[in-house]
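We name chains A, B, ... by the order of the sequence lines, and we start the count at 1 in each one.
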Amino acid sequence: MTEASAAPSPDGVLPKTYDPVLTEARWQAAWEEAGAFHPDPAAGGEPFAVVIPPPNVTGSLHMGHGFETALIDTIVRFQRLQGKNVLCLPGTDHASIAVQTLLEKQIKAEGGSKDDLGRDAFLERAWAWKGESGGTIVGQLRRLGYSVDWRRERFTLDPGLSAAVVEAFVRLHEQGLIYRGEYLVNWCPASGSAVSDLEVEMKELDGHLWHFRYPLSGEPAADGIDHLVVATTRPETLLGDTGVAVHPTDPRYAALVGQTITLPLVGRQIPIVADEHVDPAFGTGCVKVTPAHDPNDFAIGSRHGLPLITVMAKDGRMNGVAGRFAGLDRFEARKAVVAAMQAEGFLVKVEPHRHSVPFSDRGKVPVEPLLSTQWFVKAEPLAARCREALDGGAPRFVPERWEKVYRDWLTDIRDWCISRQLWWGHRIPAWFVVSETGGVISEATPYVVARDGAEARVKAEAAYGEASRAAGRELQLEQDPDVLDTWFSSGLWPFSTLGWPDPNAADLGRWYPTSVLVTGFDIIFFWVARMTMLAGAMRPLGAGKAWMPFADVMIHGLVRDENNRKMSKSAGNGIDPLPLIERYGADALRFALVREVAGAGQDIRLDYDRASGSSATVEAARNFANKLWNATRFALMNLGGETPASLGTPDPARLQLADRWILSRLERVKRETAQRYASYGLGEAAKGLYEFAWNEVCDWTIELLKRRLNPRPAAEGEPPSAEVLADQQVARAVLAKVLAELLVLLHPLMPHLSEELWHGLTGAPEGTFLALQSWPAAEEAALDADLEASFAELIEAIRVVRNLRAVAGLKPSQGAPVLFITGRQELAAVLREGSADITTLTKAESVTVLDPAAAAARPAARALAAVTGELQVLLPLEGLVDLDALRARLEKDIAKATKEIKGLSGRLANPNFAGKAPPEVVAECQANLAEAEAQAALARGRLADLG
RNA sequence: GCCCGAUUAGCUCAGCGGUAGAGCGCCUGCCUUACAAGCAGGAUGUCGCUGGUUCGAAACCGGCAUCGGGCACCA
């Protein structure tokens, strides 16, 4: 331990407080230099693999990533201690639209535009940004102590992964699962790109409902009707109306179906059609139909053969078809159309109307349903395969309830628009044979899908070469300028990172499918489902094993800020993990986050004072780290230079009561903790270890061992006896064992601190790591439930004595005789065996244990007295007794017992209880009642003695 | 409209069929040579409301209320 913060100071003692910053940096460097987390696919051991959800290179990480990192790292470190061959693979995501939006904003702020810059220069800038942001992110992940294999770090746009993207696209296309066509898509005018359904967020807004008069073209009907009234929230779209729909059974309009309307402002003749979609009860029961600008209208239009008339351009302005409104922005056009309708007498009324408006997640503007030629993935066949797998239990969701969310989304799934009119991303591997359509790309331009330009040329040559030459044209190819949805590459992550599509890739063979995916519920659709769908399409994967990319999916909640708000970049309320790491240490932050997570899958709230940069929760975890530091410090000062190895297993024959107790507790905690880690009960594991370490190890065991670790000489100047020295060795061995194993159990949660302390305690050489040790072996024989129960009574007895001393106001330095009276032989035996311990922990002058008969024979003394269970505790302190405090204490005992008697006897008096409850419950109840009654009687007796 | 969470001590949350728990905060006393980032002791709850099931409900079931989230969406 060179330069260790744990290095002994000149006087040979560790500092009193733990300073995490240097220690953490040192171990991170040591682990990495040694390649501690760089697994060998050829090595033995059961494989365990996790690919981390790659953070977007959009800047830096916030606390949510810190939380996820803490969870994943705890899991993989535990599995490593279990002896598995663990791969934890890191990486980042290029985040196509997010990064491009961000960069365009930057460029705009500098007074430029991406189009001025050009595609190549823009991409250069994007790569520079990636370098910067990616570096920041990797630095942050390192500071958290993430035990990933940095040598296998991947980026979704790196050459290997890009090749995987192309391969996946080509294969999907070959299977007929990718198609290109003109459909109504969600168009984001801000990004200038199509986006998928998932990237659209509905927002409730206050808008208006405009009612317009649409005149019938022909003569008024028999009943004098010469127009219909339609209502719309989007007047500007009326320029593209190609019909009006009514419900087929609506008697008001039945006679009008088939007639035509003259569209105001435009003059187009449009039919009145009958369609089930119309709700006769809403508004007037008449709906204007704009198939090119609304998904529902698109559906109505296609059922009735209505033409599609697009009146808006991709930039959100009205196009030439919009006539006098051409060139107006869509929101200006709305006002202008309303004004024109009003001027021409077609506006009937305007009502305020609250409705949902689709917004683009990234662009933060309303999306426009627009007709556009795009690439799509046919989703249903892939979803069906996933649903079938789910019926077979794959993957397993933790907590279980998320399975339903996943399944529901896979049911009634819509096709996935995967093309984006962006630059930053994977270029679509399709080449248009533009020589066929006069050098331009149109919907009609034929294309070939290929792995590269050369393959494209071969394919195009085969398909169009001859005909082309015959027509005297030179074959001319142009790659599709668009890129793929960022989630297309993320969807391949669990296998593209392992070497797919190379079927012989060692990592793929060894670690696919991965063991568990740990992620937030907010990307179950975006990511989890896309991974399972794409994996299903790409099988076989790996060595022909299961195709589902992960066995388990652990879904965690979101980290919310101190005001219970979701952290987000736009809200500016993200909490940066680094300042908290600087202040409290990465281990403290990790522990604090994981400890909060017990209610599986629930969001967690991190308290944080922005003004001071402090967090009480993290501070509590830091204090825990310091507690462990000091416990180890104590051990180093008291083990006489020995180590857990040199001390060996303590001789069972020489173990004292407290030794057997803590060893039994250790064994139980060891089992519980392993079970919790293995089943993703990480919060429970953290809480359990916190309580065990602080209460049972530090507050009780260390305090109890002190007496034996530092034996007083029998007489002045005389060396301790051989017996005492032997016991000292036992005490040392117990302390060393408990601490050493505790550090292993804590390691997944607090890797740096445990590594540091373990080295200090064991003297392990530098190149040896706790991170690569084994989980301590199970020792069944150490478990002793009866002993644990009776030791709990001893603890309770000590507490009562301490309480009496506090009530009476005894000074800490002041000794007092302690007298226990009990009729229960087992309890008396434990108290006698533990009398030396009691002496130490209660400042007893003497400890006497009597049975009631013997006690009755003694002269009654004025004493501090309390009763617990079947035990009377007396501190005979003639003259020093605060009688009032003592009476209050006894009265409290009586009140407590009385309340219990009332409850228990009431229950026992109920004949149904005695008759129907299990006999052991009834017996327990009776025993408790007897005890409470005895307790009340004893306390009353004591009270009477006081006079 | 459909679905899913949550509601327990001042705060953050465990508990999920047998007499209410932890951490933080609070009160009292302690610098007891591991630790004041600590030690010992203490106070604090109609477990959202309401029916039901049960010998017994904070826990299980039904309804309601409030808060949060997801999906769908009628112009």
Side-chain angles (χ1 to χ4, degrees), chain A residues 13-14 16-18 202 209-210 230-234 237 245 277-279 281-290 294 296-297 300 353 355-356 358 399 401-402 404-405 408-409 412 521-522 524-525 557-558 560 564 566 584 588 592 595-599 601-607 616-617 619-638 683-684 687 690-691 694-695 698-699 702-703 706 710 799 802-807 809-813 841-843 899-900 903-904 907-908 910-918 920-922 924-925 928 932:
Chain A
V13 179
L14 300 188
K16 280 188 170 187
T17 54
Y18 171 51
M202 302 303 272
L209 196 55
W210 285 274
V230 297
T232 181
T233 54
R234 305 201 50 203
T237 63
H277 170 76
V278 181
D279 175 3
F282 185 89
T284 58
C286 300
V287 182
K288 65 193 258 325
V289 183
T290 322
D294 181 278
N296 289 311
D297 292 4
I300 296 175
H353 183 62
H355 63 138
S356 301
R401 68 188 147 92
W402 293 109
K404 183 175 157 52
V405 175
D408 287 352
W409 191 73
D412 296 325
F521 60 79
D522 50 333
I524 290 178
F525 307 147
L558 270 30
R560 317 191 78 100
N564 208 19
K566 198 192 280 189
Y584 300 113
R595 200 172 121 87
E596 290 295 317
V597 81
Q602 231 56 269
D603 287 354
I604 63 169
R605 192 191 299 202
L606 184 70
D607 74 328
T617 309
E619 187 171 314
R622 187 273 314 264
N623 293 352
F624 179 54
N626 193 235
K627 189 74 182 172
L628 295 164
W629 172 268
N630 274 291
T632 308
R633 181 166 175 258
F634 172 82
L636 293 178
M637 292 163 74
N638 286 280
E684 291 170 277
K687 285 182 190 186
Y690 180 96
E691 283 174 19
W694 202 307
N695 302 331
C698 293
D699 290 346
I702 288 184
E703 292 307 320
K706 277 179 180 171
N710 286 303
R799 285 219 165 100
R802 285 170 167 173
N803 173 260
L804 279 178
R805 294 180 51 103
V807 166
L810 260 64
K811 289 212 159 56
S813 55
L841 297 188
T842 64
K843 288 270 173 17
K899 190 181 161 199
E900 213 173 315
L904 290 167
R907 216 191 310 174
L908 285 163
N910 181 347
N912 286 328
F913 176 68
K916 295 189 180 172
E920 61 272 20
V921 172
V922 178
E924 195 189 329
C925 203
N928 288 344

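Residue F521(A) contributes atom CZ, which lies 9 Å from atom P of G69(B) at whole-angstrom precision. Between the P atom of C35(B) and the CG atom of N638(A) lies a distance of 11 Å, rounded to the nearest Å. Here C3(B) presents its C1' atom at 11 Å from CH2 of W402(A), a figure rounded to the nearest Å. We find that NZ of K811(A) is positioned 16 Å from C1' of A40(B), with the value rounded to whole Å. Atom CE of M202(A) and atom P of A72(B) are 8 Å apart (whole Å). Taking atom CD1 of I524(A) as the reference point, atom P of C4(B) lies 15 Å away to the nearest angstrom. Put simply, NZ on K706(A) is 9 Å from C1' on C35(B), counting in whole angstrom units. Atom pair D603(A):CG and G70(B):P shows a separation of 10 Å (rounding to whole Å applied).
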- prompt: Reading nucleotides 19-31 of chain B from the 5' end, what letters show protein touch, with B for base, S for backbone sugar-phosphate only, - for no heavy atom under 4.0 Å?
  reply: B--SS--------
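Using atom C1' as the reference point in both C61(B) and C39(B), the two lie 48 Å apart (nearest Å). Comparing the P positions of G17(B) and C64(B) gives a spacing of 26 Å, expressed to the nearest Å. Using atom C1' as the reference point in both C71(B) and C13(B), the two lie 29 Å apart (nearest Å). Between G51(B) and A40(B), the two C1' atoms lie 48 Å apart (nearest whole Å). Rounded to whole Å, the separation between the P atoms of U19(B) and C11(B) comes to 27 Å.
Qualifying side-chain hydrogen bond (donor to acceptor under 3.5 Å, both in side chains) partners for K706(A), counting only residues two or more places apart in sequence or in other chains: E703(A). When the ring pair (Phe, Tyr, Trp, His ring centres under 6.0 Å) test is applied to H277(A), no partner is found at least two apart in sequence or on another chain. Shown here are the ring pair (Phe, Tyr, Trp, His ring centres under 6.0 Å) partners of Y690(A), two or more places apart in sequence or in another chain: F624(A), W694(A).
In this structure, the side chain of R802(A) engages the main chain of L841(A) through a donor-acceptor pair within 3.5 Å. Counting only distance, with no hydrogens or angles, the side chain of R805(A) and the backbone of K811(A) share a donor-acceptor pair below 3.5 Å. Of the possible polar contacts, none joining the D603(A) side chain to the G557(A) backbone as a donor-acceptor pair under 3.5 Å is found. Using a distance-only test at 3.5 Å, with no hydrogens or angles considered, a donor-acceptor pair links the side chain of D294(A) to the main chain of D297(A). Formation of a donor-acceptor pair under 3.5 Å by the N630(A) side chain with backbone atoms of K16(A) is found in this model.
Among the heavy atoms of the strands lying under 4.0 Å from T232(A) are primed sugar atoms or P, OP1, OP2 only; no base atom is included. Within the nucleic acid shown, T17(A) comes within 4.0 Å of at least one base atom, counting heavy atoms only. Backbone-only engagement by D699(A) is indicated by non-hydrogen atom pairs under 4.0 Å involving sugar-phosphate atoms exclusively. Across all strands shown, F525(A) has heavy atoms under 4.0 Å from sugar-phosphate atoms exclusively, and none from any base. Heavy atoms of C698(A) sit under 4.0 angstrom from at least one base atom. The residue V278(A) sits close to a base: some heavy atom pair falls under 4.0 Å. Residue I604(A) is classed as having no contact, given no heavy-atom separation below 4.0 Å to the nucleic acid. Base contact: P918(A) has a heavy atom under 4.0 Å from a base atom. If you check every strand for non-hydrogen atoms under 4.0 Å, R799(A) touches sugar and phosphate atoms only.
Contact detail for H353(A) and T233(A): the closest heavy-atom pair is CD2-CG2, 3.6 Å. Here the closest non-hydrogen pair linking G285(A) and V278(A) is O-CG1, 3.4 Å.
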Dot-bracket notation for RNA chain B, counting Watson-Crick and G-U pairs under 3.5 Å, with | for partners on another strand: ((((((((.[[[[.)..(..]]]].(((((.......))))).....[[[[[..)....]]]]])))))))....
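Two residues, V405(A) and N910(A), neighbour RNA chain B, and the one matched to the more 5' nucleotide by heavy-atom proximity is N910(A).
The closest side-chain donor-acceptor pair between T237(A) and K288(A) falls under 3.5 angstrom. In summary, the side chains of N626(A) and T17(A) do not present any donor paired with an acceptor at a separation below 3.5 Å, with no hydrogens or angles considered.
Listed candidates were A34(B), C39(B), A37(B). Nearest to the side chain of R622(A) is A37(B). Taking only side-chain atoms of N912(A), from C-beta outward, the nucleotide of A34(B), G69(B), C55(B) with the closest atom is C55(B). Comparing atom distances between the K16(A) side chain and each of G41(B), C71(B), A36(B) picks out A36(B) as nearest. Here U33(B) is the nucleotide among A37(B), C39(B), U33(B) with the atom lying nearest to any side-chain atom of M637(A). For N626(A), whose side chain is taken as the heavy atoms from C-beta onward, the closest listed nucleotide among A34(B), A37(B), U12(B) is A37(B).
Under the 4.5 Å side-chain criterion, counting only non-hydrogen atoms from C-beta, Y18(A) is not in contact with L628(A).
For the pair R622(A) and Y584(A), the cation does not sit on the ring face, since its NZ or CZ is not both under 6.0 Å from the ring centre and inside 45° of the axis.
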Between the protein and nucleotides 5-11 of chain B, which nitrogen or oxygen pairs come in under 3.5 angstrom?
unit_1: G5(B); atom_1: O2'; unit_2: Q602(A); atom_2: OE1; d: 2.7

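Interface remark: the E703(A) side chain does form a donor-acceptor pair with the A34(B) base, using a distance-only criterion of under 3.5 Å.
For the OP1/OP2 pair of C39(B) and a distance below 4.0 Å, the side-chain nitrogens and oxygens of K627(A) include at least one atom meeting the criterion.
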